[in-house]
There are 2 protein chains.
Amino acid sequence: MSPPGRSTAVDPERRRDAERTKAEILKIATEEFAQRGYAGARVDEIAARTQTTKRMIYYYFGGKERLYIAVLESAYAEIRVAEQSLAVEHLDPVSAIRTLAEVTFDHHESHPDFVRLVSTENIHRAEHIAKSQALTNLTNPAIDLIATVLEAGREQGVFTADIDAVDLHMLISSFCFFRVANRHTFGTLFGRDLTDPARRDHYRQMLGDIVVGHLTSPGGAGGGTSGPTTAAR
Amino acid sequence: MSPPGRSTAVDPERRRDAERTKAEILKIATEEFAQRGYAGARVDEIAARTQTTKRMIYYYFGGKERLYIAVLESAYAEIRVAEQSLAVEHLDPVSAIRTLAEVTFDHHESHPDFVRLVSTENIHRAEHIAKSQALTNLTNPAIDLIATVLEAGREQGVFTADIDAVDLHMLISSFCFFRVANRHTFGTLFGRDLTDPARRDHYRQMLGDIVVGHLTSPGGAGGGTSGPTTAAR
DNA sequence: GACGTAATGTACGAACTAGTACGTCACTTA
DNA sequence: TAAGTGACGTACTAGTTCGTACATTACGTC
């Protein structure tokens with residue numbers, strides 16, 4: 001027991017714990033940076049929302065920018081873990097790709113803060129990510145997984161489109177990302193709440209149909225009717 | 001002629017011109033807000049980059065937030081004009097939709113500042129757009145156009161998917177938007193520059209193929225192979 | 001139980017930032 | 001050409017915001 005009446009008013013039982021303090025700062029900072037962006041977030045506000053003080057932010061993270069980079073690193077680490085624990089090898093290629101798209105969809109759905117951080121980081125032209133070796137020096141399990149499934153699908157003759165893994169990942173990500181990142185302007189301007197739970201399954205299914213449909217399209221690479229493309233411009 | 005030696009050092013020929021001053025402020029402000037986001041943009045910096053002073057920003061726009069809203073309004077007005085001058089009625093539905101997708105693609109390509117403004121506004125949960133009646137009280141020509149083409153395509157039996165205009169618009173926009181908005185993190189993390197001119201045509205074609213392919217898919221609504229969907233989760 | 005160090009809190013400062021008070025000038029109109 | 005008003009510039013302020021100097025306390029170790 002700590003001496004009664006001597007510790008902070010917040011929690012008489014609170015003990016010194018570096019890891020807990022660091023983790024708490026990181027958690028609150030993630031929320032603040034995600035909600036207000038890098039420039040809009042306030043170090044004082046982050047400190048106020050923790051059980052500790054601003055001093056600790058500088059003690060453990062060294063400054064606002066370094067804290068922000070730490071937030072990005074932990075956010076990306078989380079999705080890497082999720083991607084690595086994804087097992088679709090036992091599925092047939094079509095089911096595997098659909099599952100992969102759905103998992104990506106669900107991950108964006110359940111991690112809006114991550115989506116907002118990525119948006120913010122793109123406003124800053126990925127300059128902070130570029131400073132982090134932990135983020136740049138890393139292979140991407142999602143791409144490898146997609147590449148494996150794509151190859152299997154082609155060998156079995158069910159995938160006809162000649163799309164590569166990175167482009168397919170972009171196709172999937174763009175749909176998932178936009179629905180979460182741009183829901184506010186889209187909802188305001190088009191009167192449709194993209195993240196309405198009642199419509200969520202519809203969009204998940206739609207994504208799967210589009211991805212699978214594209215990969216298995218009868219025309220194969222290029223889609224066949226590319227005549228109008230050049231004619232139109 | 002103005003009295004020599006009396007006017008500002010910058011431009012001896014510069015005359016008073018309210019419209020020009022307002023337009024210049026708006027142009028520079030658009031760039032600054034797009035580059036640094038709302039919180040990151042600096043009123044002093046905007047003023048410094050114009051031929052006029054900060055006083056004029058407050059004189060004409062009333063403050064940082066009102067200036068930002070004016071920037072959003074002018075940016076959206078520009079794309080509305082582009083959308084309204086889009087004539088695809090003379091094309092067959094498939095060509096019309098492909099053209100529409102390509103025009104959307106090209107617009108995002110050529111207006112990265114607009115894309116960045118939308119990203120920024122979503123970080124702020126579209127609160128500024130919501131304050132602008134000029135932005136909320138407006139029908140969207142793009143949606144109407146898509147709806148018209150969709151209906152024509154269904155009547156002629158070439159479109160089988162039961163997607164609605166808003167969802168189709170989102171599908172097209174998500175691809176175009178992501179490629180421009182997220183190119184920095186994507187490029188850094190996946191080593192692929194999405195906006196590389198050498199790859200631009202590839203992505204434009206890819207988008208058209210996906211959209212047309214989805215609309216004309218043999219399976220029709222739902223894509224047929226939805227069995228694995230439920231099985232996988 | 002003394003001691004050294006990691007962990008933590010308080011108070012403050014320098015620089016920045018949005019916004020404004022005040023004054024001047026140019027151009028139109030009668 | 002005189003006057004009135006819209007357009008414009010300078011200099012300043014109040015509040016904010018990142019960062020830090022300095023002091024203190026808890027906890028492991030011997």
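Worth saying up front: this structure is predicted, and the values here are computed from it rather than measured. Basis for what follows: all heavy atoms, side chains included, without hydrogens, waters or symmetry-related copies. Within every chain, numbering begins at 1; the chains are lettered A, B, ... in the order of the sequence lines, protein sequences first and strands thereafter.
- Using a distance-only test at 3.5 Å, with no hydrogens or angles considered, no donor-acceptor pair links the side chain of Glu45(B) to the main chain of Glu32(B).
- The Asp44(A) side chain lies nearest to dC18(D) when the options are dA7(C), dA18(C), dC18(D).
- Rounding to whole angstrom units, CZ of residue Phe33(B) and C1' of dA18(C) are separated by 11 Å.
- Judged by closest nucleotide on DNA chain D, Lys22(B) is the one of Lys22(B) and Lys54(B) placed further toward the 5' end.
- Arg55(A) comes within contact range of at least one nucleobase, with a heavy-atom separation under 4.0 Å.
- Rounded to an integer number of Å, the gap from CG of Asp17(B) to P of dA7(D) is 9 Å.
- Ring centers of Phe175(B) and Phe175(A): at least 6.0 Å apart, outside the cut-off.
- Atom OH of Tyr68(B) is separated from atom C1' of dG19(C) by 20 Å (rounded to the nearest Å).
- To the nearest angstrom, C1' of dT17(C) lies 12 Å from OH of Tyr38(B).
- Residue-level contact check: Ala41(A) touches the backbone only, with heavy atoms under 4.0 Å from sugar-phosphate atoms and none from bases.
- No donor-acceptor pair under 3.5 Å is formed between the side chain of Arg199(A) and the backbone N or O of Leu194(A).
- Atom pair Glu19(B):CD and dC8(D):C1' shows a separation of 15 Å (rounding to whole Å applied).
- Between Lys64(B) atom NZ and dT20(C) atom P the separation is 15 Å, expressed in whole Å.
- To the nearest angstrom, P of dA18(C) lies 12 Å from CZ of Arg36(B).
- Phosphate contact (OP1/OP2 of dT16(D), side-chain N/O of Arg42(A), threshold under 4.0 Å): absent.
- For Thr53(B) and dT10(D), the shortest distance from a side-chain N or O to OP1 or OP2 is not below 4.0 Å.
- The minimum heavy-atom distance linking Asp167(B) with His202(A) is given by the pair OD2-NE2, 2.7 Å.
- Not one side-chain nitrogen or oxygen of Tyr58(A) sits closer than 4.0 Å to the OP1 or OP2 atom of dT8(C).
- With rounding to whole Å, Met56(B) atom CE is found 15 Å from dA11(D) atom C1'.
- Listed pair Tyr59(B) / dG6(D) fails the phosphate criterion, with no side-chain N or O lying under 4.0 Å from OP1 or OP2.
- A donor-acceptor pair shorter than 3.5 Å can be found between the side chains of Glu121(B) and Tyr68(B).
- Look at Thr52(B) and you'll find a side-chain N or O under 4.0 angstrom from OP1 or OP2 of dG9(D).
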